[in-house]
Amino acid sequence: MNDWQKKSPLDWETYVNKLVKVVAIEKHEYEGWVLTVDPVSASIVLAAFLESEKVSISVVMGHAVQEVEILKEGDSEMKQRLSRIFAPKESKAYSPEELEKRKNDLKTWLETNHIPVTEQGESGRTLCVAGVLTIDPPYGPEQCSSSNEIILSRVQGLVQGYLEKQQ
């Protein structure tokens, strides 16, 4: 096991959102922004920005890493850019106030339609429908979760219909 593999996840976390140069076995060198480090294999996921907003993703396997050198700290703009790489195009960031309003509006609508709904979790961010389905922020059909496929499908349809009426 090499020195890189012996590090802890907390050590690896210090490399996230930083521009690094990785020296791997056989003198291969990789440069890019660290998106994450896999805690099991110690593999490093790097992002390099090419022209025309294209992104190149590389994975350096943990067993091959010999040295990692930090070249540059990421500023808040770079952290935002890196966090958007794997975000779906239609995803939208909601403020805490917007999320609270979406949750309350959906909860009120469900209750108006005689669907039993409660709030779960420490902060009450998750809606629980009839004790068998949960809806997490931002409270769309994709955030519905249930082991009962029939209930899942029906509630997703209801939520989709509700959101379409809101627009």
Side-chain angles (χ1 to χ4, degrees), residues 1-103 106 120-123 125-127 133-147 149 152-153 155-157 159-164 166-167:
M1 211 156 67
N2 63 32
D3 288 344
W4 177 256
Q5 289 175 297
K6 291 176 186 168
K7 289 184 182 286
S8 75
L10 290 174
D11 293 331
W12 293 322
E13 190 177 26
T14 62
Y15 291 87
V16 173
N17 295 327
K18 294 185 176 139
L19 183 63
V20 299
K21 180 169 84 174
V22 179
V23 178
I25 55 176
E26 297 181 13
K27 301 292 180 223
H28 289 287
E29 288 188 4
Y30 304 89
E31 197 171 298
W33 294 90
V34 178
L35 285 172
T36 190
V37 179
D38 176 53
V40 176
S41 67
S43 299
I44 307 171
V45 180
L46 298 174
F49 294 98
L50 310 172
E51 69 283 338
S52 72
E53 285 300 307
K54 292 198 183 299
V55 180
S56 169
I57 303 293
S58 326
V59 178
V60 183
M61 302 306 286
H63 69 272
V65 175
Q66 291 185 324
E67 183 184 330
V68 180
E69 178 187 348
I70 296 174
L71 302 175
K72 183 178 175 187
E73 296 280 331
D75 58 10
S76 60
E77 186 180 320
M78 181 53 72
K79 289 176 185 174
Q80 283 289 315
R81 195 172 175 194
L82 291 168
S83 70
R84 286 192 302 263
I85 289 176
F86 292 115
K89 290 285 185 238
E90 70 277 357
S91 83
K92 177 182 176 224
Y94 293 98
S95 71
E97 295 79 25
E98 288 174 311
L99 284 176
E100 187 67 22
K101 182 180 180 345
R102 284 177 64 93
K103 178 187 77 172
L106 179 59
Q120 277 187 325
E122 282 181 33
S123 57
R125 292 179 42 144
T126 300
L127 293 177
L133 180 136
T134 58
I135 308 173
D136 292 313
Y139 310 104
E142 303 82 25
Q143 288 77 41
C144 293
S145 170
S146 176
S147 59
E149 292 289 325
L152 177 63
S153 173
V155 173
Q156 282 178 319
V159 171
Q160 184 65 44
Y162 162 76
L163 291 174
E164 287 170 1
Q166 298 301 303
Q167 294 175 346

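Counting only heavy atoms from C-beta outward, the side chains of Lys79 and Trp33 never approach each other to under 4.5 Å. Side chains of Gln156 and Leu152 form a contact here, defined as non-hydrogen atoms less than 4.5 Å apart. Residues Val20 and Leu71 form no side-chain contact, since every pair of their non-hydrogen atoms from C-beta on lies 4.5 Å or further apart. Looking at Lys72 and Lys18, their side chains never come closer than 4.5 Å, going by heavy atoms from C-beta outward. Side chains of Val65 and Tyr30 form no contact here, defined as non-hydrogen atoms less than 4.5 Å apart. Under the 4.5 Å side-chain criterion, counting only non-hydrogen atoms from C-beta, Val60 is in contact with Leu46. Annotation: side chain of Ile44 is not in contact with side chain of Val59 (no heavy-atom distance under 4.5 Å). You'll find the side chain of Ile57 reaches within 4.5 Å of the side chain of Val45, heavy atoms only.
With salt bridges taken as basic N to acidic carboxylate O contacts below 4.0 Å, none links Glu31 and Lys21. Between Lys103 and Glu100, at least one side-chain nitrogen of the basic residue sits less than 4.0 Å from a carboxylate oxygen of the acidic one, meeting the salt-bridge criterion.
No donor-acceptor pair closer than 3.5 Å links the side chain of Gln143 to the backbone N or O of Ile135. With Gln80 contributing its side chain and Glu77 its backbone, the two residues share no donor-acceptor pair below 3.5 Å. Side chain of Ser43 to main chain of Gly62: a donor-acceptor pair is present (N/O by atom type, distance under 3.5 Å, no hydrogens or angles).
Atoms CD and CD, from Glu29 and Glu69 in turn, are 9.0 Å apart once rounded to the nearest 0.5 Å. The line from OG1 of Thr36 to CG of Asn17 is 9.5 Å long, rounded to the nearest 0.5 Å. In this structure, the separation between CD on Glu67 and CG on Asn2 is 11.5 Å, given to the nearest 0.5 Å. Note that CD of Gln66 and NZ of Lys27 are 5.5 Å apart. Values are rounded to the nearest 0.5 Å. Between the CG atom in Asp11 and the NZ atom in Lys6 there is a gap of 13.5 Å [rounded to 0.5 Å]. Note that CZ of Arg81 and CG of Asp75 are 10.0 Å apart. Values are rounded to the nearest 0.5 Å.
In this structure, Leu99 and Tyr139 approach most closely via the heavy-atom pair O-CE1, 3.5 Å. Taking every heavy atom of both residues into account, Leu163 and Gly140 meet most closely at CD1-CA, 3.9 Å. Annotation for Gln5 and Ser41: closest pair NE2-O, 4.3 Å, computed over non-hydrogen atoms. Taking each heavy atom of Gly74 and Met78 in turn, the nearest pair found is CA-CB, 4.3 Å. Minimum interatomic distance between Ala42 and Trp12 (heavy atoms only, all atoms of both residues): CB-CZ2, 3.5 Å.
Residue-environment remark: CZ (Arg125) stays at or below the threshold of 12 foreign heavy atoms within 6.0 Å.
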Check against ring-ring contact (aromatic ring centres under 6.0 Å, His included), Tyr15 and Trp4: CA-CA 12 Å; Tyr15 291 87; Trp4 177 256; 5.1 Å; yes

List the steps and the verdict of side chain to side chain contact (heavy atoms under 4.5 Å, CB included) for Leu35 and Val16. CA-CA 6 Å; Leu35 285 172; Val16 173; over 6 Å; no

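Inspection of the Glu164 and Gln160 side chains reveals an N or O donor paired with an N or O acceptor under 3.5 Å.
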